[in-house]
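Before any comments, here is the structure.
Below, all heavy atoms of this structure are taken into account, side chains as well, without hydrogens, waters or symmetry copies.
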Amino acid sequence: MMRRRRTTIRDHHAESALFGRRVVVALVIVVSVFMILLANMYQLQVKQFETFQTRSNDNRIKVVPLAPNRGLIYDRNGKLLAENIPVLSLEVVPERVEDLTQTLTDLSNLLGLTQEQLDQFERNRKRERRFEQVILLDQMSEAQAARFAARQHEFPGVSIEARLVRYYPYGETLTHALGYVAKINQRDVQRLKEQGINANYAATRTIGKLGVEGYYEEQLHGTVGYQQIEVDIHGRQLRTLEIEPPIPGQDLVLEIDIELQLQAQKILGEQRGTIIVMDPEDGGILAMVSQPSYDPNWFAQGISVEQYRGLLNSRHSPLLNRATQGGYPPASTIKPQLAVVGLEEGTITRDSQVWDPGWFQIKGVNHKYRDWLSWGHGWVNVDTAIIESCDTFYYDLALKLGIDTISEHMYQYGFGELTGIDIGEESAAVMPSRGWKRARFNQPWYAGETVSIGIGQSYWTVTPMQLAVATAVMVNRGGRPVPRLLGAIQDAGIELPAVIEQKPPVQLRNPEHWDIALDGMEKVVSSIKGTAHKAFKGADYTSAGKTGTAQVRSIGQDEEYNAEEIAERYRDNAMYVGYAPAENPEVVIVITAENVIGGGGSVAAPMARELLDFYFAAKQPEETVAANAP
């Protein structure tokens with residue numbers, strides 16, 4: 001019987017060999033992984049040590065920007081025009097509030113919060129992280145602060161914080177000169193990024209928008225500071241490590257005299273219009289009033305939707321700076337300049353005479369251009385034409401000169417271009433020419449339009465600031481100053497005077513032509529026939545000027561103008577330009593009163609007299625002190 005072979009179930013030698021191979025592979029893998037980990041640790045711990053140390057500090061140390069205090073603004077006598085005042089704001093840290101909805105409801109009942117304030121809080125909250133403070137009430141009244149303080153323990157996560165906000169103590173008196181600051185919006189952010197200075201506004205909530213505040217934003221803002229604080233992994237503050245204090249903005253001293261400004265505002269009252277008082281030598285603006293105005297504190301401290309809508313929709317346009325943006329027909333106020341042009345071109349001489357029957361006609365045309373004096377002035381020369389403001393003389397002069405010659409000369413006085421005043425809100429108005437009309441209306445220029453240009457009507461518009469500069473050119477016998485509000489910048493106790501600028505002067509072939517026009521302006525006030533004589537009769541000082549009455553609506557050939565019977569918006573504008581004293585002028589004054597009953601001589605000139613009386617009365621004590629000084 002044969003034996004059966006035993007079947008082998010396990011091959012120990014093969015298994016041992018397989019196990020050995022696997023151990024070797026596993027060991028290689030483990031060693032490789034260990035080497036990789038070791039290399040990676042070397043890379044992280046040695047080669048990239050500084051990088052990760054910095055990143056670690058970033059997680060542990062938080063840099064918080066500190067807003068600089070905005071520079072102050074003073075008038076020429078050191079009176080504060082724009083300051084920073086402390087206010088209390090109610091702020092919420094959402095993470096620390098257990099029931100935010102109920103808390104907001106309770107605070108609304110306690111403090112009388114509006115739905116607009118609650119909606120704004122929601123918008124702000126969505127932009128911030130939960131552990132950061134969000135403003136609920138921008139400015140608390142004393143009563144609100146007291147009520148909340150008494151029950152603050154009931155509102156964990158809600159606190160009162162103090163900060164500085166811009167405040168304008170004279171309110172609407174200086175709005176169009178100072179402008180205002182308001183909250184930084186997306187357009188501001190984009191502009192700051194384009195200028196590469198957005199980092200300097202990291203902690204700033206407001207920015208200069210208009211006027212001096214906007215124009216000198218760079219000087220007023222200052223330099224942001226920083227503080228390093230230690231935070232936990234959630235970003236909560238633990239302690240302050242280091243502080244780099246912000247550098248305050250520079251203080252500005254303006255040429256404005258606030259007492260003169262207040263008096264000018266009082267004289268205008270509720271009347272729409274503007275008053276400018278300027279130093280003709282250096283262009284310093286002593287007063288600049290535009291009425292109606294508005295309170296800049298509305299914007300600085302957070303204007304409501306209703307307030308802003310009211311300003312936008314007002315038919316009186318309070319947002320318009322009439323001094324630099326208002327476009328008015330210059331009327332007869334530009335007759336002295338036109339006289340100089342006629343004399344320079346040889347179109348007239350001092351002895352040239354024109355017969356004025358009360359109207360003027362272009363040959364071959366039936367239309368009559370009426371003089372303001374219906375029965376006429378008789379024979380008129382350039383002297384009489386300025387003193388009595390004879391329209392017919394200037395109709396004739398303008399037609400002889402032609403629109404091209406007039407435009408060319410008037411550009412030299414600054415008409416049709418920006419004056420360069422140090423605020424951004426300015427219009428060039430319109431100095432018409434043949435080319436301008438062709439480009440604007442694609443129409444030719446007509447002789448009748450030139451006739452109207454002779455008395456400052458037709459398409460010609462000016463800003464009151466341009467009139468102030470043009471009057472200064474006359475006073476300076478050609479010198480053309482750039483108007484400015486800034487007098488000096490104060491930096492670290494040092495006062496740096498503003499740069500006085502001049503534009504190219506008006507140069508005459510015969511300088512005596514200045515004397516002819518200026519003599520006529522002086523007689524407008526001193527001569528019994530002068531259109532401003534009644535207003536300045538008995539003044540303690542000498543002055544000179546020119547009245548003007550600008551038509552707002554054209555009057556038909558057979559139509560009579562009656563201010564009391566037409567709608568207010570169609571009434572004439574009363575204007576006056578002048579200077580004082582007549583011999584050595586210290587100030588140029590420009591007044592525009594819109595839609596009045598009366599004209600330049602009966603409305604605007606008396607306003608100028610009242611303001612100049614105030615100016616010289618205020619100067620007498622200063623002169624007395626100076627005379628008695630050792």
Side-chain angles (χ1 to χ4, degrees), residues 329-345 347-363 367-402 406 409-410 447-458 460 467 470-471 474 513 515-536 544-551 555 557 560-561 572-578 598-605:
S332 297
T333 60
I334 45 75
K335 287 179 178 177
Q337 287 86 352
L338 280 173
V340 172
V341 175
L343 291 165
E344 272 292 286
E345 291 293 323
T347 306
I348 58 172
T349 66
R350 187 161 199 167
D351 299 323
S352 299
Q353 290 188 321
V354 170
W355 174 254
D356 174 24
W359 46 267
F360 175 81
Q361 275 185 295
I362 302 173
K363 289 183 179 180
H367 182 82
K368 291 184 177 181
Y369 298 86
R370 293 181 289 191
D371 192 286
W372 70 268
L373 191 63
S374 59
W375 55 86
H377 297 83
W379 287 105
V380 180
N381 60 19
V382 64
D383 200 46
T384 307
I386 295 176
I387 297 168
E388 300 181 29
S389 198
C390 175
D391 292 336
T392 302
F393 182 91
Y394 284 95
Y395 290 144
D396 180 73
L397 175 60
L399 190 62
K400 290 176 179 176
L401 287 170
I406 294 174
H409 281 271
M410 288 303 162
E449 294 165 338
T450 304
V451 171
S452 295
I453 287 291
I455 60 167
Q457 296 284 166
S458 186
W460 194 355
L467 282 178
T471 305
M474 298 291 295
H513 294 157
D515 298 326
I516 295 173
L518 292 170
D519 184 56
M521 294 181 73
E522 191 275 329
K523 290 177 180 176
V524 166
V525 173
S526 63
S527 172
I528 194 170
K529 291 186 176 182
T531 53
H533 175 73
K534 184 177 180 181
F536 284 89
K546 186 69 193 76
T547 59
T549 304
Q551 289 183 356
I555 301 174
Q557 186 73 68
E560 292 294 329
Y561 174 78
D572 293 343
N573 295 334
M575 309 177 76
Y576 182 80
V577 300
S602 60
V603 176

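For the pair Asn573 (side chain) and Ala550 (backbone), a donor-acceptor distance under 3.5 Å is absent. Of the possible polar contacts, none joining the Glu345 side chain to the Leu401 backbone as a donor-acceptor pair under 3.5 Å is found. Formation of a donor-acceptor pair under 3.5 Å by the Tyr394 side chain with backbone atoms of Lys335 is found in this model. The main-chain N or O of Gly376 is never found under 3.5 Å from a side-chain atom of Asp356 such that the two would form a donor-acceptor pair. A donor-acceptor contact shorter than 3.5 Å is absent between the side chain of Gln551 and the backbone of Gln457. Counting only distance, with no hydrogens or angles, the side chain of Asp572 and the backbone of Thr549 share no donor-acceptor pair below 3.5 Å. A donor-acceptor pair is defined here as one N or O able to donate and one able to accept, closer than 3.5 Å; no such pair exists between the side chain of Ser452 and the backbone of Glu449.
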Step by step, work out the side chain to side chain contact (heavy atoms under 4.5 Å, CB included) result for His377 and Trp372. CA-CA 10 Å; His377 297 83; Trp372 70 268; 3.7 Å; yes
Check against side chain to side chain donor-acceptor pair (under 3.5 Å), Thr531 and Ser389: CA-CA 7 Å; Thr531 53; Ser389 198; 5.6 Å; no
Mind running side chain to side chain contact (heavy atoms under 4.5 Å, CB included) on Phe393 and Asp371 for me, showing each step along the way? CA-CA 9 Å; Phe393 182 91; Asp371 192 286; over 6 Å; no
Criterion side chain to side chain contact (heavy atoms under 4.5 Å, CB included) on Val340 and His409, from CA distance to verdict: CA-CA 10 Å; Val340 172; His409 281 271; over 6 Å; no
Passes side chain to side chain donor-acceptor pair (under 3.5 Å), Glu522 versus Ser526? Steps please. CA-CA 6 Å; Glu522 191 275 329; Ser526 63; 3.1 Å; yes
Kindly indicate, with the supporting measurements, whether the criterion side chain to side chain contact (heavy atoms under 4.5 Å, CB included) is fulfilled by Met474 and Val577. CA-CA 11 Å; Met474 298 291 295; Val577 300; over 6 Å; no
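Between Gly454 and Ala398, the shortest heavy-atom contact is CA-CB, 3.5 Å. When all heavy atoms of Gly342 and Leu397 are compared, the closest pair comes out as CA-CD1, 3.9 Å. For the pair Ala339 and Ile348, the tightest heavy-atom approach, listed with the atom from each and the gap, is O-CD1, 4.1 Å. When all heavy atoms of Lys546 and Ile386 are compared, the closest pair comes out as CE-O, 3.6 Å. Nearest heavy-atom pair, Ala574 versus Val603, reported as atom, atom and distance to 0.1 Å: CB-CB, 3.8 Å. Between Ala535 and Gly601, the closest heavy-atom pair is CB-O, 4.4 Å.
Annotation: the span from Arg350 atom CZ to Asp519 atom CG amounts to 5.5 Å, rounded to 0.5 Å. For the atom pair CD1 (Ile453) and CG (Leu399), the distance works out to 12.5 Å, reported to the nearest 0.5 Å. Distance CD1/Ile387 to NZ/Lys529: 9.0 Å, rounded to 0.5 Å.
Within a 6.0 Å sphere centred on CH2 of Trp375, other residues, nucleotides and ligands contribute 12 heavy atoms or fewer.
The shortest distance between side-chain heavy atoms of Val341 and Gln337 does not fall below 4.5 Å.
For the pairing with Phe360, the side-chain contact (heavy atoms from CB on, under 4.5 Å) check across Thr392, Asp391, Ile455 returns one residue only, Thr392.
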